[in-house]
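Data first, discussion second: the structure below is written as structure tokens.
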Amino acid sequence: MLEKTYDPGAVEGRIYQAWVDAEAFKAGAGAKPGAEPFTIVIPPPNVTGSLHIGHALNNTIQDILVRYNRMRGKDVLWQPGTDHAGIATQMIVERQLMERQEPSRREMGREKVLERVWAWKAESGGTILNQLKRLGASADWSRERFTMDEGLSAAVRKVFIGLYEKGLIYRAKRLVNWHPGLETAISDLEVENIEVAGKMWHLSYPIENSGETIVVATTRPETMLGDVAVAVHPDDPRYQGVIGKYAILPLVGRRIPIIADEYADPEVGSGAVKITPAHDFNDFEVGQRHNLKPINIFTTAARVNSHAPRDYRGLDRFEARAKVLEDLEALGAVLWVEDKKIMVPHDEKTKQVIIEPFLTDQWFVNAEVLAKPALESVRAGRTKFVPQSWENTYFAWMENIKPWCISRQLWWGHQIPAWYGPRLNSDPDFGKPDAGPKIFVAVNEEQAKKDAIAYYGRQVEFQTGGLTSLSFQKAMADFESTQRDRLVPAVWASRRASDPFAELSDSKVPLHRDEDVLDTWFSSALWPFSTLGWPEDTPEVRKYYPTDVLVTGFDIIFFWVARMMMMGLEFMGKEPFHTVYVHALVRDEQGAKMSKTKGNVIDPLSLVDGYGADATRFTLAAMAAQGRDMRLAMSRVEGYRNFVTKLWNAARFLEMNGCVRRAGFEPHRVNLAVNRWIVGATARAVDAVARHIDDYKFNEAANAAYDFVWGTYCDWYVELAKPILTGELPAEKQETQATAAFVLDQILKLLHPFMPFVTEELWGETGKEGPPREKLLILTEWPDLHGFADAHADAEMTWLIEVVSGIRSVRTEMNVPAGAKIPLVIVGAGEETGIRVESQLQALIRLARLEDVSYGSDVPSGSAQIVLGEATLALPLAGVIDLEAERARLRKDIAREDSEIDKVDRKLGNEQFVAKAPPEVIEEQRERRAEAVARRERLLAALARLS
RNA sequence: GGGUGUAUAGCUCAGCGGGAGAGCACUACCUUGACAUGGUAGGGGUCACAGGUUCAAUCCCUGUUACACCCA
């Protein structure tokens with residue numbers, strides 16, 4: 001006997017374990033022979049993260065798709081795993097070091113720190129995946145992957161080398177977004193521009209030898225220490241005379257040219273702008289156009305460096321601003337200050353640290369080239385976005401894509417497989433100031449060594465003291481100066497004469513591996529194939545790539561989806577997925593974005609604790625309408641918790657009434673109209689749910705299931721079955737018992753993708769009687785109920801429902817006590833109505849709470865009357881009903897028909913409508929009118945009888 | 001500044017070129033042998049505003065307003 005209520009907390013863990021024990025999540029579990037694959041890769045959460053409501057939605061949707069396709073017999077792989085979240089994870093560990101007052105990262109050294117990060121990963125890494133399990137996620141955990149697994153790291157190296165060899169990855173000195181706190185470059189996607197109240201300072205720079213000044217406006221006065229020019233618009237009449245002259249930079253004394261460049265906007269400020277190529281993206285471009293050498297005035301921690309006058313060195317950027325302004329004020333060079341809203345780049349994660357444009361050597365991916373085929377794939381529809389509108393977002397970004405800075409000055413991540421050494425004098429780039437070191441990109445140190453020996457024709461010596469360390473820099477310089485000297489025999493001869501070690505200094509070449517690591521998204525971009533074993537040619541790669549659907553939030557279309565498209569096409573030759581389902585953002589009830597700082601976060605696990613995983617999942621699914629953010633209301637979760645209870649109690653009712661599954665039950669052979677009807681309705685519900693899942697309309701699928709289970713099965717079928725189940729006719733009773741049990745089975749299957757726990761539990765419970773269950777529900781086939789519709793039974797039951805609802809409505813309006821049984825007299829019934837009444841007599845009596853049903857030629861006086869089809873249903877309530885109230889009720893109904901007739905008449909009276917509307921629409925309107933007229937006539941007759 | 005999206009019942013949201021819907025909340029009645037986490041009945045809407053297209057607009061188009069988000 002089932003308990004009175006379902007207790008998710010007591011059931012979920014046990015059910016989950018049963019699935020695991022049955023290996024039900026394994027790739028291919030439950031697949032039909034030769035089944036086509038269905039693959040989803042999980043968007044890998046941060047390894048040290050924890051579950052938030054967005055993950056819950058994301059994974060609920062994936063699990064619905066996965067369970068549904070598994071039940072349909074496909075060869076399903078849901079590939080789980082996590083990413084290493086370079087910056088975030090290293091930050092956590094560094095913070096731990098600080099809190100525990102241990103040595104800092106740099107004091108500790110790379111190896112020790114990495115040990116600590118791995119330890120932290122081991123400690124906290126399982127958290128989020130375990131949380132997903134509580135939601136019921138049926139991913140193949142035996143295949144769990146981590147972006148820094150050896151296999152995935154091999155994929156990263158292979159891709160890096162491949163792109164490098166094609167020239168699609170390169171190292172260059174560029175302005176990048178620099179995080180001065182973490183002292184690393186970040187990509188432009190990791191920067192958030194935030195509007196803040198700032199100021200615009202108008203500074204005057206003296207023009208050399210003229211006694212005149214030129215006024216520049218800036219929001220960052222401290223960067224003037226790195227100014228290399230002043231630019232004016234070439235057409236600006238105010239400045240025609242000064243172009244080509246020089247200004248003298250105050251405080252610094254540098255002589256800087258006044259140049260003409262269209263970047264200077266005559267409308268803004270004075271029309272003249274200071275140019276600081278090392279500290280501003282626009283200025284950098286101006287500098288390149290005019291061959292100006294950038295002067296970097298900051299250290300990696302954004303403190304003023306030795307390129308600035310002594311007084312400012314060591315100050316951080318904000319202190320430097322204050323002092324520069326103070327000193328300029330003292331010179332009278334600050335003309336005026338205006339308040340201005342300015343956009344300031346912040347670190348996107350914490351929104352605390354201001355990002356600095358910073359000139360450094362970094363590695364870049366030529367994304368523009370890779371984006372072309374990725375754009376084409378979506379344009380050609382080989383990969384579709386659902387909802388489609390997100391394609392515009394994708395296009396907009398991909399069409400304007402910038403080089404992707406992939407190197408990070410961190411330790412936690414994939415170390416870049418590049419080694420640096422000096423150049424030989426035979427190298428075409430030898431001696432070029434901007435050429436940088438000779439680079440060897442190789443799969444490992446051994447290969448790098450081979451390549452280097454081949455290039456140098458000498459032995460190489462690996463150094464580890466740091467790329468910028470004095471020892472390595474000196475060794476490089478020594479080698480290169482020896483190479484230079486060797487170019488001129490006379491010089492070389494004299495050097496050898498004076499330096500006994502001259503030969504030695506180019507006999508061994510110093511080589512140093514790049515210390516930086518790659519952006520985490522670089523490895524995430526490979527996720528759809530690296531997790532399957534690539535670059536090995538594994539059976540999984542062959543079977544499961546390309547994957548089918550990617551389920552994700554719009555916020556990582558750029559970060560992740562676009563990059564997977566690029567990498568998948570480049571290395572696999574095929575799009576990584578045919579569909580990208582972009583789900584909504586979950587907001588709080590007021591529509592605000594959930595955030596820890598706002599304190600409005602809804603913890604999905606607390607929902608699971610409070611309402612059960614099934615209710616939580618069902619809520620998320622039911623609210624997952626396409627193209628719209630989701631405001632999560634607790635009342636909805638509660639409502640779906642009640643739905644779980646409802647289902648549970650329906651099963652309990654069946655159990656109490658001997659509704660046991662029957663072996664060999666043939667649903668299309670049942671006789672009773674009520675049973676024929678529910679079987680057909682079940683088939684329709686299954687179709688609707690399947691169709692909506694196929695269309696990624698999870699809300700509609702959930703609602704269709706909900707409506708059927710509650711609104712049809714529980715509210716009507718079970719109620720209609722009651723008199724049969726408690727009746728005396730064994731054949732009818734047995735058929736109904738078997739049908740009820742059969743339909744419940746279909747309901748459990750139908751709901752399983754949404755509510756896996758309670759359905760599996762009921763599957764087990766109802767399996768204790770009747771034919772034994774062959775499999776767990778999770779591995780059971782999706783229902784196939786085609787051809788079960790019975791129009792005749794549908795019509796009869798629809799009629800019955802209308803009669804019962806009509807009588808109930810009148811009872812309430814006439815204030816008939818709920819417990820009172822009243823007689824029903826049917827007047828003017830046709831043959832079919834008579835048959836229906838006979839067929840449904842017991843149900844009618846019970847559901848409408850009737851005393852008896854009889855036929856009459858006249859409506860008894862003092863009756864309430866219901867007009868239904870050709871018949872009038874009279875409820876003789878003389879003495880009970882208030883005649884005036886009944887007249888009012890009828891008049892109201894008549895008025896409703898009047899307005900209906902009027903509305904239709906206006907349409908049909910319109911010549912244009914009759915001429916132009918499709919015939920079926922006109923016909924429909926005519927039918928509506930005829931029906932309304934007939935109802936009206938009977939209602940008028942009913943009213944007349946009361947007068 | 002550019003772009004995208006959203007405005008439908010008190011709330012949270014579906015829907016859609018031809019009859020305004022659900023859940024919650026609300027009102028009334030009901031402890032009827034599955035379920036009060038329930039049942040039955042009911043009230044409640046100029047479908048943001050202004051134009052346009054159409055025989056017909058909540059739905060399509062244009063504009064306005066408000067809000068949200070993305071990009072610079």
Side-chain angles (χ1 to χ4, degrees), chain A residues 1-2 4-6 188-189 192-193 281-282 343 345 387 389-390 392-393 395-397 400 554-555 557-558 584-585 587-593 611-612 615 619 622-657 659 697 699-700 702-703 706-707 710-711 714-715 718-719 721-722 725-726 804-819 821 846-849 899-900 903-904 906-918 920-922 924-925 927-928 931-932:
Chain A
M1 177 74 172
L2 293 174
K4 198 168 172 183
T5 52
Y6 168 69
D188 42 7
L189 287 176
E192 183 172 329
N193 291 301
F281 285 97
N282 290 313
M343 298 300 279
S389 54
W390 289 110
N392 293 330
T393 307
F395 290 145
W397 190 68
N400 294 294
F554 66 84
D555 48 334
I557 289 178
F558 307 146
L585 194 74
R587 298 167 173 280
D588 73 4
E589 227 156 321
Q590 276 69 47
K593 217 165 162 171
Y611 300 97
T619 306
M623 298 187 75
Q626 285 181 10
R628 183 167 182 156
D629 284 350
M630 182 187 297
R631 296 193 195 192
L632 189 58
M634 284 307 177
S635 60
R636 295 289 294 263
V637 190
E638 205 177 301
Y640 293 120
R641 188 267 322 265
N642 297 350
F643 178 53
V644 172
T645 309
K646 188 75 183 177
L647 172 68
W648 183 261
N649 276 289
R652 186 161 177 265
F653 170 82
L654 263 55
E655 186 185 38
M656 292 166 73
N657 285 277
C659 298
K697 297 193 170 169
N699 59 322
E700 295 189 21
N703 284 330
Y706 180 98
D707 282 348
W710 200 321
C714 292
D715 284 351
V718 169
E719 293 304 322
K722 279 178 182 174
L725 294 172
T726 55
V804 170
S805 300
I807 296 173
R808 282 171 174 170
S809 184
V810 169
R811 288 178 62 115
T812 305
E813 284 183 57
M814 293 299 111
N815 292 314
V816 177
K821 303 211 166 160
R846 173 147 179 166
L847 268 56
R849 308 210 135 241
S899 96
E900 172 79 2
K903 225 193 277 181
V904 177
R906 260 180 289 154
K907 271 193 185 172
L908 289 170
N910 183 339
E911 278 174 38
Q912 297 279 10
F913 173 73
V914 181
K916 292 188 179 172
E920 62 272 20
V921 171
I922 297 171
E924 190 192 326
Q925 297 295 322
E927 276 167 26
R928 266 178 67 188
E931 282 164 20

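Atoms considered below: every heavy atom in the structure, side chains included; atoms not considered: hydrogens, waters and symmetry mates. Throughout, a chain's letter reflects where its sequence line sits, starting with A, and its residues are numbered from 1.
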>> Side-chain N or O of Lys646(A) versus OP1/OP2 of G39(B): is the shortest distance under 4.0 Å?
In response: yes
> Does OP1 or OP2 of A14(B) have a side-chain N or O of Lys697(A) closer than 4.0 Å?
Replying inline: no
Using a heavy-atom cut-off of under 4.0 Å over every strand shown, decide if [X] touches base, sugar-phosphate, or nothing.
X         : value
Asp555(A) : nothing
Pro918(A) : base
Lys821(A) : nothing
Ala917(A) : base
Val718(A) : base
Asn392(A) : nothing

> Do any of residues 806-815 of chain A sit with a heavy atom less than 4.0 Å from RNA chain B, and if so which?
Replying inline: Arg808(A), Ser809(A), Thr812(A)
Quote, to the nearest angstrom, the [atom1] distance that separates [N] from [M].
N      : M      : atom1 : value
U62(B) : G45(B) : C1'   : 26 Å
A66(B) : G10(B) : P     : 23 Å
U53(B) : G63(B) : C1'   : 15 Å
U12(B) : A25(B) : C1'   : 11 Å
A7(B)  : A48(B) : P     : 8 Å
G23(B) : U8(B)  : C1'   : 15 Å
C24(B) : A14(B) : C1'   : 14 Å
G5(B)  : C47(B) : P     : 23 Å

Look only at the side chain of [X] and the backbone of [Y], and say whether a donor-acceptor pair between them is shorter than 3.5 Å.
X         : Y         : answer
Thr726(A) : Lys722(A) : yes
Asn910(A) : Gln912(A) : yes
Arg811(A) : Pro817(A) : yes
Arg652(A) : Leu2(A)   : yes

> Where each residue is assigned the nucleotide of RNA chain B containing its nearest heavy atom, which of Ser805(A) and Met343(A) is assigned the position nearer the 5′ end?
Replying inline: Ser805(A)
> Where each residue is assigned the nucleotide of RNA chain B containing its nearest heavy atom, which of Asn910(A) and Asp715(A) is assigned the position nearer the 5′ end?
Replying inline: Asp715(A)
> Any side-chain heavy atom of Arg849(A) sitting closer than 4.5 Å to one from Val804(A)?
Replying inline: no
Please write out the pairs of protein N or O atoms and N or O atoms of nucleotides 19-24 of chain B separated by less than 3.5 Å, giving the distance to one decimal.
from	atom 1	to	atom 2	distance (Å)
G19(B)	OP1	Arg928(A)	NH1	2.7

>> Tell me whether Lys646(A) forms a cation-pi arrangement with Tyr6(A), defined as NZ or CZ under 6.0 Å from the six-membered ring centre and within 45 degrees of its axis.
In response: no
>> Closest approach to the side chain of Phe653(A), judged atom by atom: which nucleotide of A72(B), A34(B), C71(B) is it?
In response: A34(B)
> From the list U12(B), C30(B), C55(B), which nucleotide is the closest neighbour of the side chain of Met623(A)?
Replying inline: U12(B)
>> For a quick test of reading the model, state the closest non-hydrogen atom pair linking Arg808(A) to Leu847(A) and the distance between them.
In response: NE-O, 3.3 Å
>> Looking at every heavy atom in both Val637(A) and Ala615(A), which two are closest together, and how far apart are they?
In response: O-CB, 4.1 Å
> Does the ring centre of Tyr706(A) sit less than 6.0 Å away from the ring centre of Tyr640(A)?
Replying inline: yes
> For RNA chain B, what string of dots and brackets results from 5' to 3' when Watson-Crick and G-U pairs need both distances under 3.5 Å, crossing pairs get [ ], and pairs with another strand get |?
Replying inline: (((((((..((((....[..)))).(((((.......))))).....(((((..]....)))))))))))).
> Counting heavy atoms not belonging to Glu911(A), are there more than 12 under 6.0 Å from its CD?
Replying inline: no
> Which distance, rounded to the nearest 0.5 Å, do you find between the OH of Tyr611(A) and the CG of Asn642(A)?
Replying inline: 9.5 Å
